[in-house]
Amino acid sequence: MLEKRYDFNTREKHWQEYWREQEIYKFNPEAKNRYMIDTPPPTISGIIHLGHVFSYTQIDVIARHQRMLGKSVFFPFGYDDNGLPTERYVQREKKVKMAETSRQDFINLCLDTTKQMKANYEEVFSSAGHSADFSHAYSSISPRTQEISQRSFIELYNKSEIERRNSACLWCPECRTAIAQSEVDTVEMPSLMNYIYFTIKETGEKLRIATTRPELLCACVCVFVHPDDNERANLVGKTAISPYYNREVPIIANPDVDMEKGTGAVMCCTFGDEADAKWQKEYNLPVLEGIGYNGRMTDLAGEFAGQKVREARENIINKLKELGLLYDQQELTHLVATHERCGTEVELLIKPQWFIKMLEHKDEIYRAGEQVKWNPEYAKKRFLNWVDGLKWDWCISRQRFFGVPFPVWYCAECGEPMLADTSDLPVDPSTTQPHKPCSKCGYTHFNPETDVMDTWATSSLTPQICTDVITNKGLDDTYIPMDLRPNAHENIRVWDFYTIAKSLLHFGKLPWHDVMISGWGLSATGTKLSKSKSSGGTPTPLETYKKYSADVTRYWASNASLGKDVYIKEEEFKNGFKLMQKIWNASRFVLSFLEGYTPHKPAEILPMDKWIIEEYKKTFKAFMSYMDRYEMGLALNELEQLFWNFCDNYIEIAKNRLYKPEIYGEQAKESAQYAASTVLLGILKLFSIYMPHITEEIYQAYYAEIEGCKSIHISNYLDLGSNIDEQLLKNGAEVCDIVSQVRGYKSQNNLSMKDEIAAISLAGYNEFVRTCEDDIKAVCSIQTINYTDGEKAVTIE
RNA sequence: GGGAGCUUAGCUCAGUUGGUAGAGCAUCUGCCUUACAAGCAGAGGGUCACAGGUUCGAGUCCUGUAGCUCCCACCA
């Protein structure tokens, strides 16, 4: 019934088309038993690599599992195609600079580019046999998404959860935009601690100060000393004169100062670090902007104006040395905050920005994090740890072009913000004007907010964005909490965090019950794969589909412990390939004895047939319990164990009865047909969530018609009950052990497995073994078996 | 400095409530056996990082130590 060879290249394509045509994975919103997945929308910023296939396959395995449990699975697909990663990709690929392009041209270029790339993304995922609904793929830049995102903004603004503040924010000079805490990476870098002299104006004494950022001397606004500092407390109230710039700044007492650090006196610049930002507020210090938005020194820096920060630092160090104002230097490495997208050192700059209040909701978010069921469980601790360390409200404005615009104008007269009517959404304030006059001063001319929103301000609404396909209600909580949010570990503090936060702010409930954290697929040497750079030697997904098949690629991806990174090693693919061949051969063999056979429970089932069915039940139970924890790799291991047991022990035993009913009887054959076809069906169904193509191929060759089902993937698992007969398992294992000992004897004596053995004697075995005498004799080519009492032993005579 | 994870066979890793160590790969030996030589059968190989503790019994629970990895804080 099955061909000798399985031609996966053409057959995988065939089934993918079949599933599409037959709408096998169609979600039914009316279904009583639903399973809702909040699929991560991949960022459109390069080429999909095996790392993506790794984590998305794990999601697909869960979706398929839920479907096999009889649920209607909502498995949407989306593209995160707005925001910085996309802009950076377009700038790089199209060789344009955003700053030198008109807003509209740049947006159009982004839209065109992402459109082309989405086709590639869909091809890679659907060729892997992903059961997501690509026909309803959402996009984070689509008008509908913009509408939802803008509505979210307006609602939260009206609830006073959003405000615009002119305060220090994290700034990337390379991307020239504000960024959020979650977008910051810390990187170890070498640096210099510079010990320099300030002068006390009143006494002419020198005051020693240590700094790693001497270029910010031009923005120094005060010097702090600790109030309990015996040596320096007397300086409080006096005036310090900064070196080189000779700016006079007050000396202020500040209990935050650590007397052990540096020299014990701190210069406060606006802003060298977060402490400076905090102190500027607390002591109401002036703000001196030493660094511009482009990352270059401002006029305040005098002769260093226009230089990049690092350049200026070097130059002023030389200048201070020249003037004898620098008395010591010390090399050190410290961790520097950088922008995760470009690696540029982050600055703190002041600019009006929009913030969503996070700090005052820390407790609620923390509690929500405790309620979510994280898999693996330790992901929860990472989440809570992040919430604990939260220091910034969520800055959601970006000084960029390609994103969701703020639905906001400012009165040209008084500056009062004016929000769009929700009935007008989505709006682009750059091209439209409000319908009403300013509520404060009555003026009717407005300036648009030209910033766009942080892409996470929109992505944090994916539970609403993706369910909108069903509800058409936009920002709505009908299906919230959803069942599952799957994503990789780097997103715990980002996407998971923001989604939980927004769901609480809007609806006061969790966005989903469960989170599943996957690891990363890393190159063979352990480096992270990149969308923008090719990782030398690492095959692409389309290459592994072609060489090993999509099923084998999926096998590699799903054969991992949850949350753990794995390396891309060719060996793993070879193992999967062997498994695929084995499934094919074993099925081909079993099916060859089922021609014309209609499954029915025979009057009598032989002992070893009962045994393999019991083995199946045991594995099924263990499999389900692993899947409950999303441990698909461990579930797969259990399944593989059963499958090899089925092949090596059961089929070897059953094949004699199948081949030779004239010797062993028709009943014995029927019993084997029943057990073999049943267990194989059960096994195929379990494998189907990992290897959807080959299992479909085999299912369609025999079982589909019998079960009256269009596809194995909507056929439900074969549940034969959960009461396990342990004694039966033990008895069957004993028979296998006897067979194994006889095989061992033949191996050690250089005999072929088919060589006959005249007689063996079995000592100390129970009645069960006798009932399997025919099977044992046949599989080992034994003529006579003698039974004796005494200690358990197998003796070849 | 705070949090988390890891350390088990030569390699990659399983080991769910504590009961004499498992798989795959690699190595070695044998076998064309009417599904499969991209196969089959068998063998060797581990004081479960270290030190204590609880227990009749610890890879598993507790404490501590060391090494590796990740996240956070540390820019005076």
Side-chain angles (χ1 to χ4, degrees), chain A residues 2 4-5 181 184-186 189 191 193-195 208-213 223-226 254 256-269 272-276 332-337 345 376-391 489-490 492-493 519 526 559-561 563-567 569 571-572 574-575 577-593 622 625-626 628-629 631 633-634 637-638 640-641 644 647-648 651-652 655 658-659 739-755 779 781:
Chain A
L2 297 177
K4 171 102 176 148
R5 294 191 73 85
Q181 190 181 344
V184 172
D185 267 346
T186 43
M189 287 196 186
S191 182
M193 183 64 78
N194 303 283
Y195 294 87
R208 294 157 183 245
I209 285 188
T211 179
T212 55
R213 304 211 56 181
V223 169
F224 288 119
V225 296
H226 198 280
N254 183 345
D256 286 353
V257 171
D258 181 344
M259 287 184 273
E260 305 300 314
K261 263 188 187 176
T263 63
V266 191
M267 69 170 192
C268 176
C269 309
D273 64 11
E274 285 167 25
D276 288 346
L332 63 101
T333 53
H334 63 180
L335 294 173
V336 179
E345 283 182 54
E377 213 184 329
Y378 60 74
K380 174 186 283 187
K381 291 185 184 154
R382 278 181 66 163
F383 179 87
L384 299 180
N385 192 232
W386 170 258
V387 176
D388 255 340
L390 207 58
K391 293 184 305 188
H489 44 52
E490 86 282 7
I492 294 173
R493 64 171 208 189
N559 195 12
S561 269
K564 274 200 182 173
D565 297 345
V566 299
Y567 303 121
K569 292 216 164 125
E571 232 168 45
E572 284 301 314
K574 284 182 181 159
N575 284 346
F577 196 84
K578 273 163 39 172
L579 174 65
M580 184 172 78
Q581 292 296 338
K582 191 78 176 176
I583 291 175
W584 183 253
N585 286 323
S587 302
R588 195 159 62 89
F589 180 74
V590 170
L591 262 51
S592 71
F593 291 101
S625 103
Y626 279 128
D628 284 346
R629 298 191 282 133
E631 285 286 8
L634 299 180
N637 287 347
E638 286 287 324
E640 280 187 79
Q641 227 171 66
W644 291 102
C647 291
D648 298 342
I651 290 185
E652 287 303 319
K655 84 193 321 184
L658 291 168
Y659 270 125
V739 171
S740 175
Q741 289 198 46
V742 177
R743 284 168 171 171
Y745 170 83
K746 290 186 181 178
S747 245
Q748 275 150 34
N749 292 283
N750 299 354
L751 297 173
S752 159
M753 288 300 141
K754 70 175 178 186
D755 285 344
V779 75
S781 301

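In what follows, chains carry the letters A, B, and so on, assigned in the order in which the sequence lines appear, proteins first and then strands, with residues in each chain numbered from 1.
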| query | How far, in whole Å, is B:rU12 from B:rC56 if one measures between their P atoms? | reply | 39 Å

Report task. Would you mind classifying the nucleic acid contact of A:C647 as base, sugar-phosphate or nothing, using non-hydrogen atoms under 4.0 angstrom? Result -> base

| Using a distance-only test with no angle check, is there a side-chain donor-acceptor pair under 3.5 angstrom linking A:H226 and A:D256? | no

TODO: Between B:rA23 and B:rA14, how far apart are the C1' atoms? Round to whole Å, please.
DONE: 7 Å

When we call it a touch if two heavy atoms are under 4.0 Å apart, what does A:A586 touch: a base, just sugar-phosphate, or nothing? base

Result for 5'-nearest mapping on RNA chain B, choosing between A:D648 and A:T211, is A:D648

Euclidean distance for C1', B:rA38 against B:rG24 (whole angstrom):
16 Å

Touch check for A:E652, heavy atoms < 4.0 angstrom, all strands: base, sugar-phosphate only, or nothing?
base

When every non-hydrogen atom of A:L390 is compared with those of A:Q181, the smallest separation belongs to CD1-OE1, 3.7 Å

Once you apply a heavy-atom cut-off of 4.0 Å, does A:K574 come out as touching a base, just sugar-phosphate, or nothing? nothing

inquiry  = What contact category does A:K391 fall into here, base, sugar-phosphate, or nothing, at under 4.0 angstrom with non-hydrogen atoms?
reply    = sugar-phosphate

Inter-nucleotide C1' distance (B:rC28, B:rU65), Å rounded = 40 Å

Open item on the list: Heavy atoms only, 4.0 Å cut-off, all strands: where does A:M753 land among base, sugar-phosphate and nothing?
Closed with: base

Closest to the side chain of A:N385, out of B:rU12, B:rG3, B:rA76, is B:rG3

* Asked: Is A:N750 touching bases, backbone alone, or none of the nucleic acid, heavy atoms closer than 4.0 Å?
  -> sugar-phosphate

ask   = Taking the P atom of each, how far is B:rU63 from B:rC70, in whole Å?
value = 25 Å

**Request:** In whole angstrom, give me the gap between the P atoms of B:rU17 and B:rG10.
**Result:** 26 Å

Requested in this report: Please measure how far the C1' atom in B:rG44 lies from the corresponding atom in B:rA26, and state the result in whole Å.
Outcome: 13 Å

*Given the C1' atoms of B:rG15 and B:rC48, what is the spacing between them in whole Å?*
11 Å

* Any chance CD of A:E377 has more than 12 other-residue heavy atoms, nucleotides or ligands included, within less than 6.0 Å? -> no

| message | Classify A:F224 by what it touches in the nucleic acid, base, sugar-phosphate, or nothing, heavy-atom distance under 4.0 Å. | response | nothing

- [ ] Would you indicate what A:S740 reaches in the nucleic acid, counting non-hydrogen atoms under 4.0 angstrom: base, sugar-phosphate, or nothing?
- [x] sugar-phosphate

Winner on side-chain proximity to A:Y378, out of B:rA43, B:rG5, B:rA73, is B:rG5

